[in-house]
Amino acid sequence: MFKRPRGTRDFLADEMSKRRTAEQILRATFESFGYKEIGTPTFENLDLVTAKSGEDIVEHLYCFKDKGGRDIALRPELTAPVMRLYVNELQRTPKPVKLYYFGNCFRYERPQSGRYREFWQAGIELIGTDRAEGEAEVIAVAFDVLKNLGLKDFELHIGHIGILRKILEESSVPENEQNSILNTIDKGDGEELEGLLHRLGVMEEDREKLLKILELRGQEKEVLPGAYRILEGSKALEELKRFEMILDLLKVFDVEFTVNLGIARGLDYYTGMVFEIYANRLGAEKQICGGGTYSLVETFGGEDTPSCGFAFGFDRLLLALELEKKGVQVECKTRFFVVPTDQKLLKDAMKISVIVRKIGPCEIDLMGRKLKKAMAYASNHEIPFVFIVGEEELRRGMVILKNMGTGEQREVEIARLTMDR
RNA sequence: GCCGCGAUAGUUUAGUGGUUAGAAUCGGGGACUGUGGAUCCCCUGACCCGGGUUCGAUUCCCGGUCGCGGCCCCA
């Protein structure tokens with residue numbers, strides 16, 4: 001007996017069918033906004049991954065030396081490969097560049113609910129514009145995905161790291177220190193954060209500002225006036241105005257959201273708007289989507305270009321759907337089943353199946369079963385139509401077509417099979 | 001990396017320090033010879049792996065593996 005490697009899954013037919021259906025909805029949504037699919041390798045050079053996420057993540061990677069001694073990593077996410085592809089191939093294409101991807105990723109993590117070692121991500125990257133309408137569109141695409149999938153119980157939280165960075169900048173905190181502060185914010189440890197701010201010599205006034213801003217969470221109307229008050233006279237005010245502009249545009253798309261200025265996403269490359277989507281029923285791993293405005297092109301050797309994007313955790317998305325309703329619909333793809341009344345008519349039945357297959361997916365009994373058992377098979381598999389090939393009908397060039405839903409049956413002319421319907 | 005719970009046919013499970021390890025369901029066949037998930041009958045099929053305790057371990061103990069939930073992490 002061979003077992004699956006830890007944290008991997010087999011997908012049976014029904015599940016695979018659901019996954020494909022959901023995948024189609026994601027693709028259609030991305031394409032409805034004009035994003036084009038791209039593909040990148042399943043493995044990349046290790047340094048691509050560490051360039052984006054640091055040396056420490058090697059712990060969480062599937063990586064190895066290949067036979068040529070190269071350090072290789074199975075991709076742990078898709079933003080870095082897409083950025084590499086952009087820098088390699090697309091820097092000179094008309095802006096904005098609108099890309100989407102769907103693919104499996106690998107992380108060496110302890111598996112738990114909604115977390116696997118091989119998992120699927122789907123997302124978009126909008127490269128080359130830093131306008132509010134671009135940022136708003138990116139959020140709208142994510143929201144549309146959920147609407148089109150029929151997911152109901154989720155929360156979309158939007159924040160803005162630009163505001164936080166500006167406050168720190170005013171307090172003369174250098175960028176790398178900003179990053180460690182944002183990291184600490186992301187962890188949600190208030191004491192550690194205060195300690196860190198002290199150590200870095202952030203002035204009392206700015207510290208208060210920051211902490212107050214981080215607490216702001218709720219409906220736009222309730223939160224924004226407070227934010228304006230806190231940031232009065234600050235350089236961060238400009239960022240706040242920009243944030244408001246994005247939120248304002250989101251109303252055009254009928255996107256429902258919660259303002260949450262405490263989102264830091266803990267990543268050094270985020271520069272402006274950031275958002276996360278949570279499926280409340282999922283438990284510990286409830287974040288199904290994350291994204292924002294970032295600056296990464298330079299990291300991969302390109303000319304600094306503003307970008308914005310997000311990634312969905314596809315597996316979690318399906319889990320959330322499954323918990324909410326019946327999930328995604330599964331139906332039998334086979335339309336027709338052909339069965340002879342006697343084994344000596346097998347060849348005739350096979351010939352008919354060849355003809356019928358031109359009309360739609362068609363199966364034929366492969367077990368040498370008697371009519372009754374074959375009918376039971378078709379019935380069990382919810383195949384809607386059965387062709388019964390009988391000796392007497394065959395002599396007249398006819399075959400019986402039975403509708404398994406209604407139980408009705410009639411004779412049809414074999415010669416006309418592909419013409420009817 | 002850490003904590004808790006678990007592991008018996010494909011699936012859901014019962015049970016035991018010495019048993020032919022029981023059932024349901026699924027699968028295959030038959031009763032049914034030209035018509036459906038019914039009924040009845042037959043068949044196939046299981047104690048996660050390694051070590052220890054013991055005359056004897058599927059059962060008790062330890063370790064591993066895998067699963068579930070959580071912590072850390074989450075690009």
Side-chain angles (χ1 to χ4, degrees), chain A residues 1-10 12 44 48-61 73-83 105-117 119 121 123 179 183 186-189 264-270 274 276 282-292 294 296 299 309-311 313 316 319 337-345 349 365-394 399-410:
Chain A
M1 266 289 271
F2 295 98
K3 288 178 181 168
R4 259 176 284 130
R6 183 154 205 213
T8 61
R9 291 156 294 162
D10 292 317
L12 301 185
E44 294 273 359
L48 175 84
V49 180
T50 52
K52 170 167 181 264
S53 308
E55 292 293 335
D56 294 348
I57 57 150
V58 172
E59 287 292 310
H60 304 285
L61 292 177
L74 299 187
R75 61 185 180 199
E77 51 97 40
L78 282 157
T79 300
V82 172
M83 286 298 118
C105 300
F106 306 84
R107 293 182 190 179
Y108 193 86
E109 303 267 17
R110 176 78 201 250
Q112 59 181 279
S113 179
R115 177 188 284 184
Y116 306 96
R117 288 183 170 183
F119 59 99
Q121 279 198 345
N179 289 339
N183 263 302
D186 189 46
K187 280 181 189 151
D189 187 337
R265 287 199 58 72
L267 302 170
D268 303 351
Y269 48 82
Y270 281 103
V274 285
E276 298 184 340
L282 283 189
E285 303 290 320
K286 67 175 187 174
Q287 191 186 325
I288 53 174
C289 181
Y294 58 86
L296 263 179
T299 310
F310 64 75
R316 289 181 191 178
L319 275 176
F337 192 77
V338 181
V339 52
T341 56
D342 191 286
Q343 277 305 299
K344 70 183 178 199
L345 302 176
D365 173 54
L366 301 173
M367 293 286 285
R369 283 196 174 101
K370 290 171 186 163
L371 182 55
K372 191 171 183 130
K373 292 269 181 178
M375 296 294 287
Y377 174 91
S379 182
N380 277 326
H381 288 256
E382 291 174 333
I383 298 173
F385 299 99
V386 174
F387 283 99
I388 299 166
V389 182
E391 196 168 14
E392 191 267 323
E393 292 84 357
L394 211 51
V399 65
I400 297 167
L401 173 60
K402 178 160 187 168
N403 179 328
M404 298 296 278
T406 63
E408 290 166 45
Q409 63 184 52
R410 63 192 164 96

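Below, read A as the first sequence line, B as the second, and so on, with proteins coming before strands; counting in each chain starts at 1. These figures come from a predicted structure and were not determined experimentally.
Taking atom C1' on both nucleotides, C5(B) is separated from A9(B) by 24 Å, rounded to a whole Å. Taking atom C1' in both U19(B) and G51(B), the straight-line distance is 26 Å, to the nearest Å. With both ends at atom C1', the span from A21(B) to C72(B) equals 43 Å, rounded to whole Å. Look at the P atom in both C40(B) and G34(B): the space between them is 25 Å, to the nearest Å. Comparing G17(B) with C60(B), their P atoms sit 9 Å apart, to the nearest whole Å. Here the separation of C73(B) from G15(B), taken at their C1' atoms, is 42 Å to the nearest Å. As rounded to the nearest Å, A7(B) and C49(B) have C1' atoms that lie 12 Å from one another. Taking the C1' atoms as reference points, U65(B) lies 8 Å from C48(B), given to the whole Å.
Using N1 to N3 plus N6-O4 or O6-N4 for Watson-Crick, or N1-O2 and O6-N3 for G-U wobble, each under 3.5 Å, G67(B) pairs with C5(B). For G10(B), the paired base is U25(B) (Watson-Crick or G-U wobble, both distances below 3.5 Å).
Residue-level contact check: Gln287(A) touches neither bases nor backbone, having no heavy atom under 4.0 Å from any strand. Looking at heavy-atom distances under 4.0 Å, Gly54(A) makes no contact with the nucleic acid at all. Contacts of Asp56(A) with the nucleic acid, taken as non-hydrogen atoms under 4.0 Å apart, are absent.
Judged by distance alone, the side chain of Asp365(A) and the main-chain N or O of Gly368(A) form a donor-acceptor pair under 3.5 Å. The main-chain N or O of Gln287(A) is found under 3.5 Å from a side-chain atom of Arg316(A) such that the two form a donor-acceptor pair. The closest donor-acceptor contact from the side chain of Thr8(A) to the backbone of Pro5(A) lies under 3.5 Å. The main-chain N or O of Glu109(A) is found under 3.5 Å from a side-chain atom of Arg117(A) such that the two form a donor-acceptor pair.
Of the two residues contacting RNA chain B, namely Tyr270(A) and Tyr116(A), the nearest-nucleotide position lying further toward the 5' end is that of Tyr116(A). Where Arg6(A) and Phe106(A) meet RNA chain B, the nucleotide closest to each residue was compared, and Arg6(A) sits on the side nearer the 5' end.
Here the OH atom belonging to Tyr108(A) is positioned 15.5 Å from the CD1 atom belonging to Ile57(A), to the nearest 0.5 angstrom. To the nearest 0.5 angstrom, Phe106(A) atom CZ is 12.0 Å from Leu61(A) atom CG.
Here Arg4(A) does not reach the OP1 or OP2 of C66(B): none of its side-chain N or O atoms lies under 4.0 Å away.
Glu408(A) has no carboxylate O lying under 4.0 Å from a charged side-chain N of Lys402(A), or vice versa, which leaves the two without a salt bridge. In summary, Glu391(A) and Lys344(A) engage in a salt bridge, as defined by a charged side-chain N under 4.0 Å from a carboxylate O. The pair Asp10(A)-Arg4(A) meets the salt-bridge criterion, with a side-chain N (NZ, NE, NH1 or NH2) lying under 4.0 Å from an Asp/Glu carboxylate O.
Within 6.0 Å of CD on Gln343(A) lie more than 12 heavy atoms contributed by other residues, nucleotides or ligands.
In this structure, Arg9(A) satisfies the cation-pi test against Tyr116(A), with its NZ or CZ atom closer than 6.0 Å to the six-membered ring centre and inside 45 degrees of the ring normal.
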Letter by letter from the 5' end, nucleotides 25-34 of chain B scores (B base, S sugar-phosphate only, - none; protein heavy atoms under 4.0 Å) ---SSBSBSB
Counting primed atoms, P, OP1 and OP2 as sugar-phosphate and everything else as base, the B/S/- map of nucleotides 69-74 of chain B against protein heavy atoms under 4.0 Å is BBBBBB
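Rounded to whole Å, atom P of G36(B) lies 15 Å from atom CG of Asp365(A). Rounded to whole angstrom, the span from the NZ atom of Lys3(A) across to the P atom of G67(B) amounts to 9 Å. Look at OH on Tyr108(A): it is 10 Å from C1' on G1(B), rounded to the nearest Å.
The side chain to side chain contact (heavy atoms under 4.5 Å, CB included) test with Arg107(A) singles out one residue from Arg75(A), Glu77(A), Arg115(A), and that residue is Glu77(A).
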Would you tabulate the nitrogen or oxygen pairs shorter than 3.5 Å linking the protein to nucleotides 40-42 of chain B?
none

For ring-ring contact (aromatic ring centres under 6.0 Å, His included), just list the numbers for Tyr377(A) and Phe337(A), CA-CA rounded to whole Å, side-chain angles, deciding distance to a tenth of an Å, and then say yes or no.
CA-CA 9 Å; Tyr377(A) 174 91; Phe337(A) 192 77; 5.3 Å; yes
